Each structure stands twice: as C-alpha cells, then as structure tokens.
Amino acid sequence: MARHPKLARIFGPGLITGAADDDPSGIATYSQAGAAYGFGQLWTIILCLPLMIAVQEACARIGAATSQGLVKVIGRLYSKQVLFVVVGLIVIANIINIGADFAAVGASLNLLIPLPIPVLSTIFMVIVLSLEIFIGYHTYAKFLKILALSLISYVVVALMVTNNWAEVIKATFIPQLQWSSAYWYVIVAILGTTISPYMFFWQTAEEVEEQNYSQQHNKSVRGISEIRQDTSIGMSISQIGSWFMIITAAVVLHENGVTNIGTAADAAKALEPLVEGFPHAGTLAKLLFALGVIGMGLLGIPVLAGSVAYAVSDAFGWREGLDYKLKQAKQFYGVIIFSTIMGWFITVIGIDPIKSLVFAAVINGLVAVPLIFLIAKISKNTAVMGALAGKKLSRIFLNIAFIVMFVCALMLVGTTLFS
C-alpha cells in the first residue's frame, strides 16, 4: 500500500488527543446530556469547538517551542506551590476519570461477553497496561490513530435512528438555556469532558515526543502549519463524534422517556428494542455503540494515565517518554501503572459508574479554569515561545475559553446554592 508521508506528518498528537477526548467518560456525559435534555444541549458542540482548538493548539505550540512538557514549563515560570497544585489537580481528576472509564468499558464488554463486570474490567486493565508499557511510542501511536476510527460507530448509529434533522440543526445553532443546577451541572460536565486538562498535558508532551523522534531519525520537525492542521482536524473529528452521541441519546432515550442512564453501556442496551428500520437494526446499533465505548476506552485510558505520568515526571525531573523501555524510565512507567491500577480499584469497589463519570467531567471542567489561564499566559510570552508566541486571534480565543469555563463554573455554583 502506498504511504502518504504528508498525511502521516499532519495526523499526529492532535488526532489522537481529539479522539481520546471522546473517552467512555465523554460518551456517558454526552449520552446523559441527550437523555436528560434531548437536543437542548447540542449548541454546546458549536461553542466548544473553536475554544477547544485554541487551547490545544496553544499546548502543541508550547511543546514545539520549548521541547518541554507543560508542567516543566510551568515549573520554570511559577512557584513550586503553583506547580504542585497543578500536578495534584491533574492526578486526582485523571484517576477518577480512569476509574469511570473502566466501569463504562466493563459494562459495555458485559453486553458482548457474559462475564462479571469486575473480571472484564481487570482483563481490560491488563491489556491496556501491556499495550502502553511494552510497545514503543510510534508503534503505539499508529495503533491509537486506528482506534480513532471507533468514532465512526456513533455516526452510523445516529444516522440509523434519527429522522428529525431540521430540529437537530435548529438546536445546534440556537441555545436553549435553563436556570437549574442539574442543567448547568451537565453543561459544566460537557465543557469539562471536551476541554479536558489531561488533553493539555498529553498533547504538549507528545509534540515533544514527535520532535525528538524526528531529530533522532534525521527528519524535518513538523512546522506550525502542520501542527495547526493536525489539531484542527483532531478536535473537529472529536466534536463531530460528540454531536452524534447527543443526537443518538436524544432520539433513543429522551424521546422514549428515559432521562437517566447508569453507564454508557445503558445507552447501548437501550438501542436494541427501540431502533426500527430493518431486521436486527437494534442489535446492530447496540453492538456498534458498545464497540465504540470499548475502542475509545483503549484509546482514552492510556492517554489519561500517560498525561499523569508526564505531569508527575516533569514535576520531579524524572526521565519520561513512551519511547523509553520500562527499565529506562521506571518512575515514569511506575506512575502509569499506579494511576491505571488506582482507577481500576475505583471500579472494583463499586462506586456508582454514571455518578463517577459525570463527576469526573465536572471536576475536569473546574480544574481547566486555572490551567487555561496559565496556558494563555505562557502562550503569549515571547521570552518562552519565541517565534511561536500566540498571535492576536489565538490570544482572543484563549481568553474566551477562560471566560466561558469560568462563567459556567460560577453558574454551576450559583444554581446549586440559590436554586
């Protein structure tokens, strides 16, 4: 098969990061939004996309300009107190997120394999750790790019179940707001699972990995235009998948009176008796939805654990990188193993999956606020960024991202206290 080197250079950390954004936690959050409010929160997809691109493009530029991870750059510019608060927040948020993802994947596997969910989650954990630890980064990155195709399943399912596209388009571009803590809780969860802190750390670190790999193999380093294309395409693919997830849940769940789900697997299970159109359509839709959850778990959990490892390793000055073997970067891989096992443990002790999924997304939404503030300040700092310092348009969208996340967090607090 002919290779396309230009596409290979463009499709890198941005594509993987964007696809990983639709991890099982994200799938459950978007499904819950569709179940609870129908098409009423589709407008958040249009809101999030340019902000998501701006933040991730800034993170990629920071990695390309400094050849360092985000935590290491923060450590150079700010106090140790700021550094360790940032690292503490990302560790807590990601471990909760990993646990929620294991719960969702275990429940989805249970739809296909009649074994207890804890057993399936344990087997899945061993597979994920083995892939991340024993396969070199660039082989692993190719595997992750293939897994990004899992998002196609949500497009197919939505096309199978939806016929009211005029209402879908209207709800996408005209916001429907409500004054209730439950409504804003889900909005903050959507923002948190879309503009997620772990993505900031992962894309910055992987841009450095890409740069190091190119230098070691005497290849030209990716230019800023390729980085921007990669990021824009990756985030757009992510949001297209999210849009179709909300649509599917709105049609299959909300329109049939189901406004709460237990896991992303519950959304898959609900498809079976409700899809009409051709024989076995419901079974096929359920299968596609469940396989999407499993595929995105294979993609999302390693990214979550990897971003924790990069953050902690940067903070303590440890050798880091997925191109190293286990014995060459023991602390780095130790953090990956620890965070993955801790997330799995959350699943095993039986914490409510949907609560932990949406709670993880809300925590991400709150944690993202100070991180975006720091990213915006670093991105425009010419002393740090040189020629890759953010221009006016980038600064505007980063500021808008910070304001939107901050206002939504305030709305969540306000509606909770005063509703």
Side-chain angles (χ1 to χ4, degrees), residues 20 23-29 32 84 86-134 189 192-193 196-199 201-202 261-266 290 293-313 315-316 318 320 322 326 329-364 366-367:
D23 68 327
S25 171
I27 295 166
T29 302
Q32 183 59 50
F84 286 112
V86 166
V87 173
L89 290 173
I90 192 68
V91 169
I92 293 167
N94 279 22
I95 287 176
I96 293 171
N97 215 142
I98 290 168
D101 283 1
F102 273 128
V105 171
S108 295
L109 282 168
N110 183 251
L111 295 178
L112 310 177
I113 304 169
L115 289 174
I117 291 174
V119 173
L120 293 170
S121 297
T122 303
I123 294 170
F124 191 79
M125 178 198 67
V126 173
I127 292 171
V128 165
L129 278 177
S130 299
L131 287 171
E132 193 158 16
I133 293 171
F134 298 112
T193 201
S196 292
Y198 72 85
M199 295 167 58
F201 294 90
W202 176 264
I261 56 173
T263 67
D266 284 356
V293 174
I294 295 163
M296 298 319 294
L298 278 169
L299 175 58
I301 292 171
V303 171
L304 283 157
S307 63
V308 173
Y310 282 115
V312 174
S313 298
F316 291 100
W318 296 337
E320 63 183 47
L322 292 168
L326 176 61
K330 292 178 182 177
Q331 293 104 327
F332 174 76
Y333 283 108
V335 176
I336 287 177
I337 293 167
F338 172 79
S339 56
T340 304
I341 291 175
M342 286 300 295
W344 165 81
F345 183 71
I346 289 173
T347 303
V348 171
I349 62 176
I351 292 176
D352 185 284
I354 192 61
K355 287 181 181 176
S356 60
L357 283 163
V358 183
F359 178 68
V362 171
I363 290 294
N364 278 326
L366 298 175
V367 169

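Quick caveat: nothing in here was measured; it's all calculated off a predicted structure.
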Heavy-atom pair of closest approach, residues Val367 and Pro197: CG1-CG, 3.8 Å

Flag side-chain contact, heavy atom, 4.5 Å: Leu322 against Ile336: yes

Can you give the donor-acceptor pairs under 3.5 Å from side chains of residues 88-96 to other protein atoms, not counting sequence neighbours?
residue : atom : partner : partner atom : Å
Asn94   : ND2  : Leu304  : O            : 3.0
Asn94   : ND2  : Ser307  : OG           : 2.7

Leu298 side, atom CG; Phe124 side, atom CZ - distance, nearest 0.5 Å: 3.5 Å

side-chain contact (heavy atoms from CB on, under 4.5 Å) evaluation trace for Thr340 with Phe102: CA-CA 9 Å; Thr340 304; Phe102 273 128; 3.7 Å; yes

Ser121 and Trp344: side chain donor to acceptor below 3.5 Å: no

Inter-residue atom distance Leu109.CG - Ile123.CD1, 0.5 Å rounding: 8.5 Å

Qualifying residue, where the test is ring-ring contact (aromatic ring centres under 6.0 Å, His included) with Phe332 and the options are Phe316, Trp318, Tyr310: Tyr310

Closest approach of Phe84 to Ala315 (non-hydrogen atoms, all atoms of both residues): CE2-CB, 4.4 Å

Beyond-backbone contact of Ile98 with Ile346, side-chain heavy atoms, under 4.5 angstrom: no

Heavy-atom side-chain proximity of Val335 to Phe338 below 4.5 angstrom: no

Interatomic distance, Leu111 atom CG to Leu120 atom CG [nearest 0.5 angstrom]: 10.0 Å

Atom pair OG (Ser339) and CD1 (Ile301), whose distance is rounded to the nearest 0.5 Å: 10.5 Å

Taking every non-hydrogen atom, the tightest pair across Glu132 and Ala305: OE1-CB, 4.2 Å

